[in-house]
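Each chain gets a letter, A, B and so on, in the order its sequence line appears, and its residues count up from 1. A quick note: this is a predicted structure, and the numbers were derived from the prediction, not measured.
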Amino acid sequence: MPRGWWTRRSNYFWYIVREFTSLPLALWLLWFLLEIRRAQDGPSGYHPHSSLGFVIFSVIVLLFALYHSVTFLSLAGAILHFNVADRPIPSQLIVLSQFAAWAAASVVVGFVLIYFAR
Amino acid sequence: MTATKRITIKATRFDPDKDEKPRLQTYEIPFSDDSMVVLDALNYIKGHVDGSLSYRWSCRMGICGSCGMMVDGVPKLTCNAFLRDHWPRPITVEPLNNFPVIRDLVIDMDDFMHKLKAIKPWVIRKQPVPLGGGAFVQTTAQIDEFRQFSQCINCMLCYAACPVYGLNNEFLGPAAIALARRYNVDSRDEGLGQRLPVLADAEGVWECSFVGECSVVCPKGVDPAKAIQQTKLDTTMRFVLPFGNRD
């Protein structure tokens with residue numbers, strides 16, 4: 001395989017982008033673990049990291065996370081295979097259910113974070 | 001009377017006994033009919049211009065899977081790649097990616113043949129059924145479970161499109177796994193336990209990182225990427241489920 005194989009076709013390129021998004025996501029989550037550790041001293045001693053550089057990094061990581069999530073969930077129709085009354089559930093319905101579950105989980109997590117932070 | 005159009009074909013030439021590396025040879029041929037495909041162009045070259053050009057073909061109708069080649073960098077059956085989609089640009093025809101080349105456009109498929117044998121692509125029964133035992137009865141729904149995967153014609157386009165196989169040819173690969181699934185989900189088959197060690201091996205389904213290009217290039221709509229991901233799910237479920245669910 002030539003070194004630049006992933007630049008030869010758009011599908012290869014977007015596949016590499018999908019895989020690459022895991023890296024900044026992992027770095028951000030490592031930081032998040034450190035923040036949780038810092039927060040254990042209580043609200044008085046906790047000052048969240050809010051420099052402009054970090055906010056920009058977080059926004060970029062959010063875009064990566066959204067891209068990774070959307071591409072991952074879109075593939076669920078190919079992975080999951082269920083039959084109801086001897087008939088397979090259409091893959092579009094499976095994908096839709098994944099996005100619905102994602103939206104519901106986001107609402108629950110968002111509610112918990114906002115409610116308990118008050 | 002209108003002059004016949006002409007089209008340029010650049011075909012890979014390689015004789016391992018004489019050449020250090022493959023080279024492209026250019027041929028200009030008449031493009032007389034809009035229904036002409038790349039395979040017709042190669043046949044014209046072989047019949048009228050250069051009889052030494054080597055390539056595989058047989059049925060000319062997308063059934064035998066023999067004439068797979070890289071057409072302008074994309075794995076295609078040359079019997080299904082129309083010249084009209086490329087004209088007036090020249091067309092580059094190369095042997096399928098990721099395989100050793102025997103000569104010109106002919107690839108060595110031995111690696112796939114070994115992998116195909118390893119997944120035991122036939123119906124396996126724990127207890128042999130005697131010939132007089134009657135027919136296996138299957139419902140339409142049971143046939144639909146494996147019909148898509150049974151369409152594979154072993155054309156090797158999926159292997160040529162798979163960068164995972166290109167980087168590590170120990171990978172079992174898309175077609176072999178799709179064919180394994182074809183039998184694993186067949187209600188007549190009881191051979192999953194025999195195929196699983198090959199499928200769940202480090203070079204089996206888990207080597208696949210779901211590029212998905214195998215399904216894009218498949219000329220028969222087999223969707224090997226789906227077969228691989230579903231097999232991943234099956235192997236995982238068998239690992240986490242109680243022992244009674246493994247055979």
Worked check of salt bridge (charged side-chain N to carboxylate O under 4.0 Å, His left out) between D234(B) and R238(B): CA-CA 6 Å; D234(B) 277 358; R238(B) 288 172 63 81; over 6 Å; no
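Among A141(B), A225(B), P163(B), the residue making the largest number of heavy-atom pairs under 4.5 Å with chain A is P163(B). Across L233(B), T231(B), L167(B), the residue that shares the most heavy-atom pairs under 4.5 angstrom with chain A is L167(B). Comparing R18(A), E19(A), R8(A) by how many heavy-atom pairs each has under 4.5 Å with chain B, the most go to R18(A).
Using a 4.5 Å cut-off between heavy atoms, A227(B) makes no contact with chain A at all. Contact annotation for Q230(B): both backbone and side-chain heavy atoms come within less than 4.5 Å of a heavy atom of chain A. Looking at N98(B), the atoms closer than 4.5 Å to chain A (heavy atoms on both sides) all sit in the side chain, from C-beta outward. Of the two parts of Q142(B), neither the backbone nor the side chain holds a non-hydrogen atom closer than 4.5 Å to a non-hydrogen atom of chain A.
Ring geometry for W28(A) against F54(A) counts as parallel: the plane angle stays under 30°, on a 0 to 90° scale with 60° as the upper cut. Under the 30°/60° scheme for interplanar angles, the aromatic rings of F64(A) and F20(A) are found to stand perpendicular.
Salt bridge D108(B)/R103(B): absent, no basic N to carboxylate O contact under 4.0 Å.
Of the possible donor and acceptor atoms, none in the side chain of K220(B) sits under 3.5 Å from a partner among the backbone N and O of F149(B).
Side-chain contact of T12(B) with E94(B): a donor-acceptor pair under 3.5 Å is absent, judged by distance alone.
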